[in-house]
Structures are given as structure tokens and as C-alpha cells.
Protein chains: 2
Amino acid sequence: MAASIRDVAREAGVSVGTVSNVLNRPEIVAAGTVARVTQAIEQLGFVRNDAARQLRAGRSTSFGLVVLDTRNPFFMDLAHGAQRRAIDDGYTVLMGGSDDSPQREHSILEMFEEHRVAGVLISPVDTDLTQLWRLRQAGIPVVLVDRGSSDRSFSSVSVDDVEGGRIAARHLLELGRRRIAFVGGPLGIKQVSDRVNGATSVVAETSGATLEVRETRALSVLEGRRIAEEIIALPADRRPDAVFAANDLLAMGVLQAFVMTGSLRVPEDIALIGYDDIDFASAAVVPITSVRQPAVEIGATAVGLLLSEAQAGADATREQIEFTPELVVRASTVGGA
Amino acid sequence: MAASIRDVAREAGVSVGTVSNVLNRPEIVAAGTVARVTQAIEQLGFVRNDAARQLRAGRSTSFGLVVLDTRNPFFMDLAHGAQRRAIDDGYTVLMGGSDDSPQREHSILEMFEEHRVAGVLISPVDTDLTQLWRLRQAGIPVVLVDRGSSDRSFSSVSVDDVEGGRIAARHLLELGRRRIAFVGGPLGIKQVSDRVNGATSVVAETSGATLEVRETRALSVLEGRRIAEEIIALPADRRPDAVFAANDLLAMGVLQAFVMTGSLRVPEDIALIGYDDIDFASAAVVPITSVRQPAVEIGATAVGLLLSEAQAGADATREQIEFTPELVVRASTVGGA
DNA sequence: TCACTCTTTTGAAACGCTTCAATAACGACT
DNA sequence: AGTCGTTATTGAAGCGTTTCAAAAGAGTGA
């Protein structure tokens, strides 16, 4: 059906090798020949077959990106950064969302491996990283995004989540809040547990302060709403005076539930802080205080590491890059602001 | 480096054909042989090479999806719907964002064609659809998403945007607003112009009502802010009393500018209505009234059409499916609500 | 024992591309 | 005229699959 390089060669009266050269290194082909071949390509509407090209080359010209949630603006920004950086170097980014499911993560990675991607960027759900080791062994560089590699065995681009947790908790404590509820999960996700730990450490140093963890099944708006309803249902004396949500989606869900039911005023009755600082956080009913992560930059940097690791081959040096999170104060914690 | 089917065959003491059969139609292979081959696969860590597979098959097992903006939650929801439906049938979805640029759209489509995707879903920026015709001629089915095919030459899944425009305008007029500003663009995008036309037709029937179009360069929050600043700068007597934004991102930008500068109250001084009803619209500072489009369903339905068109081959019947938009009233138009 | 099924397995032929050693063409210089 | 460089082109090999006609086994009944 579709024209092949062979058809083009026949049409232009040259050999297939020459057509291939016109496609890939036109500078080594005589100008007249280039013209004739180009003309034939036009004529036949020839389009290169990527599968054949890759088969020959042995590796694809795409990177794979696995994120926790394709509908989370934070990850979309991250993907955007990755894509931009990749395009500059002639690469393409394939994205898959694991939706917090290890099985789904597994099958996405399997797909990437079958595709012989040039590298994998991943924000893992699965605590077990053996599949990633396997990938590397198969010659596919792996870079962790939005989470560090505790034993430095993988390159990574992350934000110091423990510090982020500390920043959030400290902010709430400085405002005089003492009964903090942490909303987030699954706790198996390192980013989440790091944030809890950071918060816990700060709370522990403050007398009279407590931190209660309410684990969610996902980092979504819906889960936020669910937990908020639980909180609303609590008797007033057992109710927290501040909520630290593991990400802005959860924070928005929490906020919606509080505002809609009109049961609790933010921040008067209960302060709220999120994480990520997605664009929508600032536009919320009550603009949400958040701990900012530079999503676009993380994505771009990660692709950079991938490129250099791909270049260097098997014995590349692993590099851990860590950004510092930044507090963005808004009305959800400081009423007047 | 990586093990091939040939290595597996040697290890298991069978021919390559048999290994392939174990992989693809295990039921025709003797149980003992299957076991031996599976064992060898495990042993060698063999992973199928997708490029070779596709080369042989002639077509990929992925669909391509081209959207206007990968960071717009509406399109992410659409993509999500598409992906879910596709996975059920063993397909994968590749996504690219045209960012309102015809060139970028062109190059994404080219990439998809080189990839020999099994079909293309597209929300086109380019008014010139010849490239899509070319694709179809090359045997790749094409389905338009979020926009109809006026001459019925393509299958499509859309929402009646003219009606959506009417609904929005009618709502504003019923609230007594008369000076409406339409914010959106580029007007070359059919969804946008349809919405303008719908609104215009309703406004024309109402004496004393006017509609002024303010074209944007993109459908983004930033552009919304820019236009809002223009509006704020207007002398009070030339200022509109309502804004109809072509999508919720613009509406959020507009809202942010109004609220932050504190110059105009929504909806008292100026009413605001958006389009798409993305999740974040309801969580905005002032919850935004919007015209809802069923994003997830559109994506899923479109993949359905693609599947049946791919099945049917060249002379498939084109089908145009049109959803009806739905008004969702919130505080940005009706203060008390 | 032979002819005939029915089930398994085999091995070679593509699929469309890139690469690379070999060849051809053509002046320029001896 | 012959030799040497340069520059342009050729054509075959091979990447890892799948497919398919053919071969090989294994029963069965005569």
C-alpha cells in the first residue's frame, strides 16, 4: 500500500542506498540526484517507516515517562518540561499514567521496554525497584523524577520532600496551629511519606503540637473531599485546626468540601496548606497556600540527565539533583493575605 | 545485547517459528513445549522487539491523539477517556499537543504517519485539512474530536458548539446583561468561531444587546488575564457587563485579573461564563458558570469510531456523533447560587 | 504393514530501512 | 597513456519478527 524506499529508488532511477542517503545525509549526495530523489518522494507520497528504521538502529528515538497521574497538572507541567527539552535533541516523549497502581506501572514499563525506548523517566509507585534495575541491565537508562534515590543507585531529579514537609508544618505552627492533620497517600509513595516525616519532625519539637495522619487511596480531588467530610463529622473538640495536604489536588478537594458545606471557615476555623503549587491553587475559592515545586524545570533537567547517561553508556555516573521547595503563602493559611 | 527470539529458540531447543507461536498462539503448541520455551524466555530475560513486530505487521498498535493543549484539563480528560477505551482493545494512545500552532500539528501528524499508527484522533488547529485527507489515503483512519466535520467527510465526535454559544449568551441575556464581551481565539479554530456564532445569533435577536469579540492568541489562563486587563482599562461606560470566555482556562484568567486588582466584582459588576466545565472551574475563587462538555465520553466514543473504521477498511461509513452541551450555573453569573 | 488423518514443528521468506565495503566515474598530475 | 585521488553511487547483508507451506510424528483402521 504505502510506498517504500525501494519504490522511490525505482522512480528516481537510483539505488536504495542513495535514497537512504538523501534522507539521512543529503550533503554527501550530488545536488542533481538529491533533486531527482526528492521529486520522486513527493510524487509517491513516500513516508519513512519508523519501525524499520528503529529495527535497524536497534533503539528507539523516544523516552518513556511514567507519572503517577496524567490528570494532575503538576505532572503535566513536568511532562511539558521534559518534552520541550527532548524535542531539542530530536527525541520524543511517550507518557503513561500509573494511576497509583503498581500493576499498571509494570505494564507501562514493559511496553516501553518492548519499544526499546532510549530511556525512562519515572515517578514510581512501586516500592520495589527491581524492574528498574532490569531495565538498566537491558541498557536502558533510568532517571527518577520527583523523588530521590535514597541509596544513590539511580540518577534522580527531585525536590527535598522532607524539607518541604518541614516548611509546611513550620508555617502552620508559626501561625499558632497545634492540631495538624496530614491528608495524603498511599503512604507507600516516597514523596508522601517524606513529607509526612518532615512535618512530623517539626511537630515533635513543638510542645503541645500533634500531627494526625489520614491516609488516602489516591492523590485526587475526590479523595480530598472524602477525608474532609470525615473531618467535618468529627466533634469540635477533636477536630484539627490545620490541614496539610500531600498535594494541591487533595487540598482543593478538602477546600471544596469545607466551603460547600459551609461547616468550617478557611483559614479561621481551619488552615489549609497544599503541595506542588499548581496554577489552579492560586485561583481557588480561597487561594491555597502551597509548597512550590518547579515542575517544568524538573522535567527538563531529568531529560538532560537521561541524555547524558544515554551518551555515557553503561558506566555512566549517577547524578542526584535536588531542588529546594519554596513556600507560597496565600489566603488559605493567612486570612488577610 | 538483548536476547532475540533466535536465542530463545536455541536455548529451548526449538525453532524460531515455535517460539513465535508460543508468544502469539500458545494454544496450538504442545504444553510441554510451551513450558520449555517459557522457561528459556525467563532465563534469558527476553523481551519482544516491538519495532520488528510492527515492521512485519505493517501497522502499529497505537492510535495518535493530537490536542490543542496538553496542559488543558479538558483535553487531559478527553485523553483519559480515549486511553481507557483503547486499552480495552489492546491499543495504546500516543499524545501530542499542537499548542495552537499549525506547524507543530503538522510535525506531530508526520511523526504519527512515520509510526504507521492505526488511527488518528485530532482536534485540528489548521483550517486546512488536506493533511488529514492524505493520512486517510494512506490507509490511516482519522476521527475529529471536539469538533464536527461540516461536510461530513470525516467521522467526528463533537459537542454542538453553536448551541453551546447560544446557551451561554441566552443565560447572560436572561440575567439582564446587555453588553457582552466574547473572549477567545484564535478565531481560526472552529470550536471558537462556532461558539461566537451561536452567541451572536442569540444576541442579534435581543434588542439593545451587543456582543464584542476580543480575540486571544491562545486559549490559556495568561491570555485571559491579558484581555481582562484591557477590559479593566476601559472607561466605565464602554465596559461590558458580561464576559463569555471560549474556555474555562481563559475564564479563570479573566477572573483572576478581576479579583486580584479588585477593580470589578463578579458577578455584580460583570458576569462571567466559561466553557468546558473543567473540574477546577467549580473550585475557583468565584465558582465559574460554564457550558459543560463530556470530555471523557468524547474521547472514549472517538476511539470507538476509530476502531470500527479501522475494522471496516477504506470504504467505512463516516459517522458524526454530536453531544449536547449543558449549562452549569454557578456564582460567577448568579451571585447567590 | 500400509495408507491416511490429525497434531506439532520447522525453516525460509518477507517486512523497509541503514550501513559499509566495493565499484564507477572523472579530472588532475606525472 | 597511465596512475592516483576524490567524489558519487551501488548492492547486498542484516536488524527481529511473523507467517505459511511443507515436513515430521503419532495414532488409527484396514
Side-chain angles (χ1 to χ4, degrees), chain A residues 1-38 40-41 44-61 90 110-111 113-118 138-140, chain B residues 1-38 40-41 44-62 90 110-111 113-118 138-139:
Chain A
M1 183 115 201
S4 83
I5 219 180
R6 188 160 257 105
D7 302 317
V8 174
R10 191 174 328 111
E11 178 77 18
V14 298
S15 74
V16 294
T18 300
V19 176
S20 176
N21 283 333
V22 169
L23 256 27
N24 301 301
R25 295 124 72 204
E27 67 279 5
I28 72 159
V29 180
T33 312
V34 172
R36 233 164 49 240
V37 171
T38 315
I41 287 176
L44 300 175
F46 164 80
V47 175
R48 231 208 211 95
N49 183 320
D50 194 46
R53 182 190 182 50
Q54 281 186 191
L55 171 56
R56 187 69 229 288
R59 53 171 32 285
S60 146
T61 174
E110 207 158 62
M111 211 198 73
E113 192 175 359
E114 291 187 1
H115 203 78
R116 300 290 191 272
V117 293
I140 301 180
Chain B
M1 182 116 199
S4 83
I5 218 180
R6 187 160 259 107
D7 301 317
V8 174
R10 188 171 332 109
E11 178 78 18
V14 298
S15 75
V16 294
T18 299
V19 176
S20 176
N21 283 334
V22 170
L23 256 29
N24 301 300
R25 293 122 73 205
E27 67 278 6
I28 73 159
V29 181
T33 312
V34 172
R36 233 166 47 243
V37 171
T38 316
I41 287 177
L44 300 174
F46 164 80
V47 175
R48 236 207 209 93
N49 183 321
D50 194 46
R53 184 192 185 43
Q54 282 186 190
L55 172 56
R56 186 72 231 286
R59 48 166 41 282
S60 145
T61 174
S62 325
E110 207 158 63
M111 210 198 73
E113 193 176 357
E114 291 187 1
H115 203 79
R116 300 289 191 272
V117 293

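Quick note on labels: first sequence line is chain A, next is B, and so on, each numbered from 1.
Taking atom CG on B/Asn24 and atom P on D/dC20, their separation rounds to 12 Å, with Å as the unit. One interatomic measurement links the two molecules: CZ of A/Arg59 to P of C/dT18, which rounds to 17 Å at whole-angstrom precision. Here D/dT17 presents its P atom at 15 Å from NE2 of A/His115, a figure rounded to the nearest Å. Look at CG on A/Leu55: it is 12 Å from P on D/dT18, rounded to the nearest Å. Between the CG atom of B/Leu23 and the P atom of D/dT17 there is a distance of 8 Å, rounded to whole Å. Spacing between atom CZ of A/Arg6 and atom P of D/dA12 amounts to 10 Å, rounded to whole angstrom units. When rounded to the nearest whole Å, the span between CG of A/Asp50 and C1' of C/dT18 equals 13 Å. If you take CG of A/Asn49 and P of D/dC15, they are 18 Å apart, rounded to a whole angstrom.
Among the nucleotides C/dC17, D/dT17, D/dT19, the one closest to any side-chain atom of A/Phe46 is C/dC17. Among the nucleotides D/dT17, C/dT18, D/dG11, the one closest to any side-chain atom of A/Arg56 is C/dT18. Comparing C/dG11, D/dA8, D/dT18 by their closest approach to the side chain of A/Ala30 singles out D/dA8. Candidate nucleotides C/dT10, C/dC17, C/dT18 were compared by shortest atom distance to the side chain of A/Ser4, and C/dC17 ranks first. If you check D/dA8, C/dG16, D/dT17 against the side chain of A/Thr33, the one that comes closest is D/dA8. The listed nucleotides are C/dT19, C/dG16, C/dT10; the one nearest the side chain of B/Asn21 is C/dT10.
A/Leu55 and B/Ala51 make their closest contact through N-CB, 3.8 Å (heavy atoms, listed as atom of the first residue, atom of the second, distance).
At C/dT18, none of the side-chain N or O atoms of A/Arg25 fall inside 4.0 Å of OP1 or OP2 (strictly under the cut-off). Dashed line: the shortest gap from a side-chain N or O of B/Thr18 to OP1 or OP2 of C/dT10 is under 4.0 Å.
Side chain of B/Thr61 to backbone of B/Gly90: a donor-acceptor contact under 3.5 angstrom is found. Side chain of B/Arg48 to backbone of A/Glu114: no donor-acceptor contact under 3.5 angstrom is found. B/Arg116 places a side-chain N or O within donor-acceptor distance of the main-chain N or O of B/Glu113, the cut-off being under 3.5 Å.
A/Gly58 comes within 4.0 angstrom of nothing in the nucleic acid, heavy atoms only.
Residues B/Val29 and B/Pro26 form no side-chain contact, since every pair of their non-hydrogen atoms from C-beta on lies 4.5 Å or further apart.
Both B/Val14 and A/Val16 lie near DNA chain C, and the one whose nearest nucleotide falls closer to the 5' end is B/Val14.
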